[in-house]
Amino acid sequence: MHDIVLIPGDGIGPEITRSVTKILEKAGAEINWIECEAGEETYNKSGTPLPDKTLDAIKKHRIALKGPLATPVGSGFRSVNVSLRQEFNLYSNIRPAKSLPNIESPFQNVDIVTFRENTQGLYIGKEQWAKEGEHAESIAVVTREASRKIITAAFEYAKSHNRKKVTLVHKANILKLTTGLFLEVGREVAKSYPDIEFEDLIVDNMAMQMVLRPQQFDIIVTTNLFGDILSDLASGLVGGLGVTGAANIGDDAAIFEAVHGSAPDIAGKNLANPTALLFSAMMMLDYLGEKTVMNRILSALYRVLQDQKYVCTPDIGGSGNTATYTEAICAALDF
Ligand code: NAD
């Protein structure tokens with residue numbers, strides 16, 4: 001039995017977590033969920049978006065499945081997602097994007113996993129005014145140690161998942177120190193994995209290549225901001241954020257989450273698509289070594305998308321709702 005912290009989150013979060021926990025239970029996953037609160041609603045109730053009780057539960061159990069959390073734009077409390085990544089040093093943000101049956105997209109046979117460095121780069125938000133209101137500056141941080149960790153994680157994943165190639169993305173022609181260091185470490189780490197092909201591409205060329213011929217890419221590893229953008233681009237190639245999962249993994253903790261937001265426009269209407277969170281939960285099962293259960297769920301999901309698209313939620317072209325989609329996946333698990 002695995003003890004896992006469950007954070008339903010805001011908006012559609014409770015609906016999609018209910019759907020996902022139901023599917024996992026039906027599939028035979030042996031999980032004891034420890035339900036905890038976080039997000040905007042929690043902030044409105046208790047004055048903090050990330051209560052100590054939730055933090056303590058993650059510290060104790062080290063693994064969490066998290067629904068989307070609303071973050072106020074511009075002002076208000078700091079993003080809980082960013083706080084969690086820093087608190088638990090979740091340096092690997094892993095985002096698979098794979099073409100799915102019957103999901104509309106001009107691109108076929110895409111199968112990319114993006115490894116985004118999750119704790120450094122421009123994304124740390126270290127900004128200052130050189131002259132108030134006139135001249136703003138931002139600092140990017142890249143260390144040898146953090147680069148080595150994320151690049152090694154990408155190669156180790158490639159090795160354990162039988163993948164063939166790692167593409168490191170950088171802008172070392174211009175940002176010679178920061179992304180230059182990332183590239184230098186990549187070339188060093190690659191030497192320890194002679195069976196895995198290694199290449200590096202400049203980020204602007206990468207963006208074009210991903211749209212021209214995405215099938216040439218397998219594993220991508222890159223710095224925080226480039227990874228933020230390219231992993232969304234990769235999701236877009238296979239149907240968007242509603243159908244792609246994500247994991248944030250460190251040395252001794254992991255948080256699995258949907259990357260889409262809390263969708264306040266459809267919250268409570270039984271229209272939320274649980275697929276993204278279900279993929280995140282499947283990544284969690286992979287992390288836990290529960291590959292048989294993971295593969296059962298994957299087959300059931302593929303069968304429903306292939307043969308019963310009409311039961312799916314409207315965002316992916318179905319005429320059903322969260323409940324009909326969830327029931328169909330549960331029923332498909334029996335076959
Ligand atoms: P959003 O992803 O919530 O919604 C964008 C559009 O996609 C909406 O039309 C919504 O209905 C639709 N959508 C999103 N997920 C869906 C799903 N599972 N099924 C069906 N339709 C879905 O983005 P937003 O409106 O920009 O953000 C709303 C809130 O979510 C903000 O407070 C933002 O900070 C937060 N947010 C959280 C996360 C996270 O926790 N990982 C990520 C992004 C945004």
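Remember, it's 1-based here, ligands and their atoms both numbered in the order they're listed.
Checking each of Thr223, Thr222, Asn224 against Arg116 for a side-chain hydrogen bond (donor to acceptor under 3.5 Å, both in side chains) leaves exactly one that passes, namely Asn224.
The N/O atoms of Ile266, backbone and side chain alike, include none that comes under 3.5 Å of an N/O atom in ligand 1. Close N/O approach between Gly261 and ligand 1 is found [any backbone or side-chain N/O within under 3.5 Å].
Ligand 1 is never approached by Gly39 to a heavy-atom distance shorter than 4.0 Å. Under a 4.0 angstrom heavy-atom cut-off, Ile16 registers as lying outside contact with ligand 1. The shell of residues lying under 4.0 angstrom from ligand 1, judged by heavy atoms, excludes Gly242.
Both the backbone and the side chain of Asn273 come within 4.0 Å of ligand 1, counting heavy atoms alone. Residue contacts with ligand 1, taken as heavy atom pairs separated by less than 4.0 Å, involve Ile12 solely via side-chain atoms from C-beta onward. When heavy-atom distances to ligand 1 are checked against a 4.0 Å cut-off, Pro264 comes that close only through its side chain, counted from C-beta outward. Residue-level proximity to ligand 1 for Asp315 is carried by the side chain, the only part with a heavy atom below 4.0 angstrom.
Side-chain N or O atoms of Lys66 include none that pairs as donor or acceptor with a backbone N or O of Asn81 at under 3.5 Å.
Of all the listed residues (Leu69, Leu271, Thr71), Thr71 holds the heavy atom that lies closest to atom 32 (O) of ligand 1. Atom 12 (C) of ligand 1 has its nearest heavy-atom neighbour, among Ser19, Pro274, Ala276, Ala263, in Ala263.
Below 30°, between 30° and 60°, or above 60°: for Phe155 and Phe198 the angle between ring planes is between 30° and 60°, a tilted geometry.
Near Pro68, meaning under 4.0 Å from one of its heavy atoms, ligand 1 places the atoms 40 (O). Applying the 4.0 Å criterion to heavy atoms of Ala70 picks out, from ligand 1, the atoms 32 (O), 35 (C). Less than 4.0 angstrom separates some heavy atom of Val259 from each of these atoms of ligand 1: 41 (N), 42 (C), 43 (C). Heavy-atom contacts of Ala258 reach the following atoms of ligand 1: 41 (N) (cutoff under 4.0 Å). Every atom of ligand 1 is numbered from 1 in the order shown, and the set under 4.0 Å from a heavy atom of Asn81 is 39 (C), 40 (O), 41 (N).
In plain terms, the two heavy atoms of Phe217 and Glu199 that are nearest each other are CE2-OE2, 3.6 Å. Taking all atoms of both residues into account, the shortest heavy-atom contact from Ala38 to Leu50 is CB-CD1, 4.3 Å. Minimum heavy-atom separation, Thr313 to Ala272: CG2-O, 3.4 Å. Residues Phe279 and Gly245 approach most closely at CB-N, 3.7 Å, considering heavy atoms.
Going from atom CG of Leu168 over to atom CD1 of Ile220 covers 10.5 Å, rounded to the nearest 0.5 Å.
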Next item on the list: Go through the steps to decide whether Lys269 and Glu15 satisfy the test salt bridge (Lys or Arg N to Asp or Glu O under 4.0 Å), and finish with yes or no.
Entry: CA-CA 9 Å; Lys269 294 183 178 163; Glu15 292 164 80; over 6 Å; no

Check: Stepwise, does the salt bridge (Lys or Arg N to Asp or Glu O under 4.0 Å) test hold for Lys149 with Glu117?
Finding: CA-CA 9 Å; Lys149 281 188 159 203; Glu117 203 293 319; over 6 Å; no

